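Note sheet for the following structure.
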Amino acid sequence: MTAATTAGAPHTDVSDIPVPEVPPPGPEYGWQSGEFDLDAYLERIGYSGPREATWEVLRELNRAHAQAIPFENLDVLLGREISLDIADLQDKMVVRRRGGYCHEQNVLFATALDRLGFRVTGLSARLLFGRGLDVLRTVGHTILKVEADGGAWIADTGVGGVGPLEPVPLADGAVSHQGDWTYRLDDTPRGWLLRYATAEGWFPLYYFSTAPFYRPDYADHNYIASHHPRSPFHRMLTVQRNGLRERLVLTDRKLQTQTPSAAPADRRLDPERLPQVLREVFGLHLPAEDERRLVRFVESTPEGQELD
């Protein structure tokens, strides 16, 4: 029996049917870097260093992006579509100096890296955020594999307040010290596992494999994140900013300061102070009507929600 036959069943003679060649990967497999305004992006993140595809440049770009562009879901709450087209991402996060969530952040970052000559592969992770290591969650968190100086690195500018500021070596047992934060990557029976160190031990962030994902895949993940009624981005407001020493996380009425060596410090906000906090703490300047709509949203949300 061969692959072309099934025992006991008649089969069609396919000897005269031509087999078309499979075309090579098209532009949908890559990034839209030809349409990318690199100068404007680098100004947005405050980077003025070399423009070479080296490990040092990758690290500095990752750090600059993560500290300059906040994680946020405000457009979802305002009822606006989240587009991953590079022109729309540039308009939102570069020109209008807004933030975004993982799909927006890492597609923008990947496009910048591709324009600079890095080899960038999109991946997708299963977020844990501290859950048990036996939990199976769906893939849906966009991350990147970047090759530089003969090595491979995991880069992620879109996991929010506890995310890495620098690339982590894609190597079993790799430990990466980033300011006051320390990350560890392990190759486990459930896939690669990224964790960071706290006073209580290693906090699991996510599992992932190195199977590639592409912009059409991210479009589906993005639609679920921005439209599914169970998505946390529909249920609560969150804005987050990373730093080498501390991280700031706003969730509805709670503004939290996080450090790796102590319990988070929480401060409760009156909803009417939200526009001031968005402007002064996170650098987000929205039209007045958008600010009023977000205040009304926060006023109507239940206390104590947590991003999951």
Side-chain angles (χ1 to χ4, degrees), residues 28 30-33 35-37 40-41 44-45 65-66 68-114 120 122-127 129 137-144 155-161 163 206 213-242 249-252 274 278 282-287 289-291 293-294 296-298 301 305 307-308:
E28 70 276 11
W31 311 102
Q32 297 174 296
S33 56
E35 308 167 34
F36 191 68
D37 188 341
Y41 168 78
R44 168 71 171 101
I45 66 173
H65 181 123
I69 304 181
F71 181 99
E72 51 112 328
N73 71 324
L74 303 182
D75 276 354
V76 176
L77 302 181
L78 292 167
R80 301 196 176 110
E81 289 296 319
I82 306 298
S83 170
L84 299 186
D85 183 85
I86 194 58
D88 295 329
L89 293 177
Q90 287 190 114
D91 176 65
K92 178 180 179 179
M93 291 192 282
V94 176
V95 177
R96 292 189 284 124
R97 306 184 78 83
R98 288 282 306 281
Y101 56 30
C102 70
H103 311 305
E104 299 170 280
Q105 296 266 9
N106 282 320
V107 169
L108 181 72
F109 189 49
T111 305
L113 295 177
D114 183 73
V120 186
L123 308 178
S124 192
R126 303 178 187 273
L127 283 171
F129 273 130
R137 304 194 78 195
T138 60
V139 293
H141 172 62
T142 296
I143 62 175
L144 307 172
D156 185 358
T157 60
V159 77
Y206 50 70
F213 283 71
Y214 304 100
R215 286 191 289 120
D217 303 316
Y218 294 141
D220 285 349
H221 295 170
N222 177 55
Y223 185 85
I224 292 170
S226 59
H227 287 82
H228 197 289
R230 292 179 58 189
S231 168
F233 300 126
H234 266 295
R235 296 185 282 105
M236 64 188 70
L237 178 149
T238 187
V239 185
Q240 307 178 30
R241 170 158 274 168
N242 289 6
V249 178
L250 173 66
T251 306
D252 295 332
L274 176 65
L278 292 177
F282 298 100
L284 296 174
H285 298 261
L286 281 73
E289 176 55 29
D290 287 352
E291 292 180 339
R293 290 174 62 189
L294 292 171
R296 292 194 294 269
F297 175 84
V298 169
T301 57
Q305 295 195 101
L307 192 66
D308 61 1

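This structure is a prediction, so every number in the text was calculated from the model and none was measured.
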So Phe129 and Val159, side-chain contact (heavy atoms from CB on, under 4.5 Å) or not? Walk me through it.
CA-CA 10 Å; Phe129 273 130; Val159 77; 4.2 Å; yes
From CA spacing to verdict: side-chain contact (heavy atoms from CB on, under 4.5 Å), Asp75, Glu104:
CA-CA 12 Å; Asp75 276 354; Glu104 299 170 280; 5.6 Å; no
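With Arg98 contributing its side chain and Pro70 its backbone, the two residues share no donor-acceptor pair below 3.5 Å. Side-chain atoms of Asn73 come within 3.5 Å of backbone N or O of Thr238 as a donor-acceptor pair. Judged by distance alone, with hydrogens and angles left aside, the side-chain atoms of His234 form a donor-acceptor pair with the main-chain N or O of Ser226 at under 3.5 Å. Remark: the backbone N or O of Leu78 is paired with a side-chain donor or acceptor of Arg293 at under 3.5 angstrom. Between the side chain of Gln105 and the backbone N or O of Gly158 there is no donor-acceptor pair closer than 3.5 Å. When atom types are taken as modelled, the side chain of Arg137 and the backbone of Leu127 share a donor-acceptor pair closer than 3.5 angstrom. Side chain of Glu35 to main chain of Ile86: no donor-acceptor pair is present (N/O by atom type, distance under 3.5 Å, no hydrogens or angles). Checking side-chain atoms of Asp217 against main-chain N and O of Tyr214 turns up a donor-acceptor pair under 3.5 Å.
Relative ring orientation between Trp31 and Tyr218 is described as parallel, the plane-to-plane angle staying below 30° on a 0-90° scale split at 30° and 60°. In this pair, Phe233 and Phe71 present their aromatic rings tilted. The plane angle is within the 30 to 60° band.
Thr138 is not listed as a side-chain neighbour of Ile224, based on a closest heavy-atom distance of 4.5 Å or more. Using a 4.5 Å heavy-atom cutoff, the side chains of Leu237 and Leu274 are in contact. Under the 4.5 Å side-chain criterion, counting only non-hydrogen atoms from C-beta, Phe36 is not in contact with Asp114. When side chains are defined from C-beta on, His103 does not count as touching Ile82, because their heavy atoms never get closer than 4.5 Å. Leu294 is listed as a side-chain neighbour of Leu286, based on a closest heavy-atom distance under 4.5 Å. Residues Arg44 and Leu108 have side chains not in contact (no heavy-atom distance under 4.5 Å, counting atoms from C-beta outward). Contact of the Gln240 side chain with the Leu250 side chain is not registered, since no non-hydrogen atoms from C-beta on lie closer than 4.5 Å. Between Asp88 and Glu81 there is no side-chain heavy-atom pair separated by less than 4.5 Å.
Here the straight-line distance linking atom OH of Tyr41 with atom CE of Met93 works out to 9.0 Å at 0.5 Å rounding. The structure places CG of Leu284 at 10.0 Å from CD of Glu291, a figure rounded to the nearest 0.5 Å. The OG1 atom of Thr251 sits 11.0 Å away from atom CZ of Arg235, with the distance rounded to the nearest 0.5 Å. Remark: Leu89 CG to Thr111 OG1 distance equals 7.5 Å, nearest 0.5 Å. Thr142 OG1 to Arg215 CZ: the interatomic distance, rounded to the nearest 0.5 Å, is 12.5 Å. Taken to the nearest 0.5 Å, the NE2 atom of His141 stands 3.5 Å off from the CG atom of Asp156.
The two residues Asn242 and Gly160 have their closest heavy-atom pair at OD1-O, 2.8 Å. The two residues Ala125 and Ile143 come nearest to each other via the heavy atoms CB-CD1, 4.2 Å. Heavy atoms only, all atoms of each residue included: Ala68 and Arg241 are closest at O-NH2, 2.9 Å.
Under a 4.0 Å N-O distance rule, the pair Arg296/Glu289 qualifies as a salt bridge.
In this structure, Tyr223 places its OH atom where only 12 or fewer heavy-atom neighbours from other residues, nucleotides or ligands lie under 6.0 Å away.
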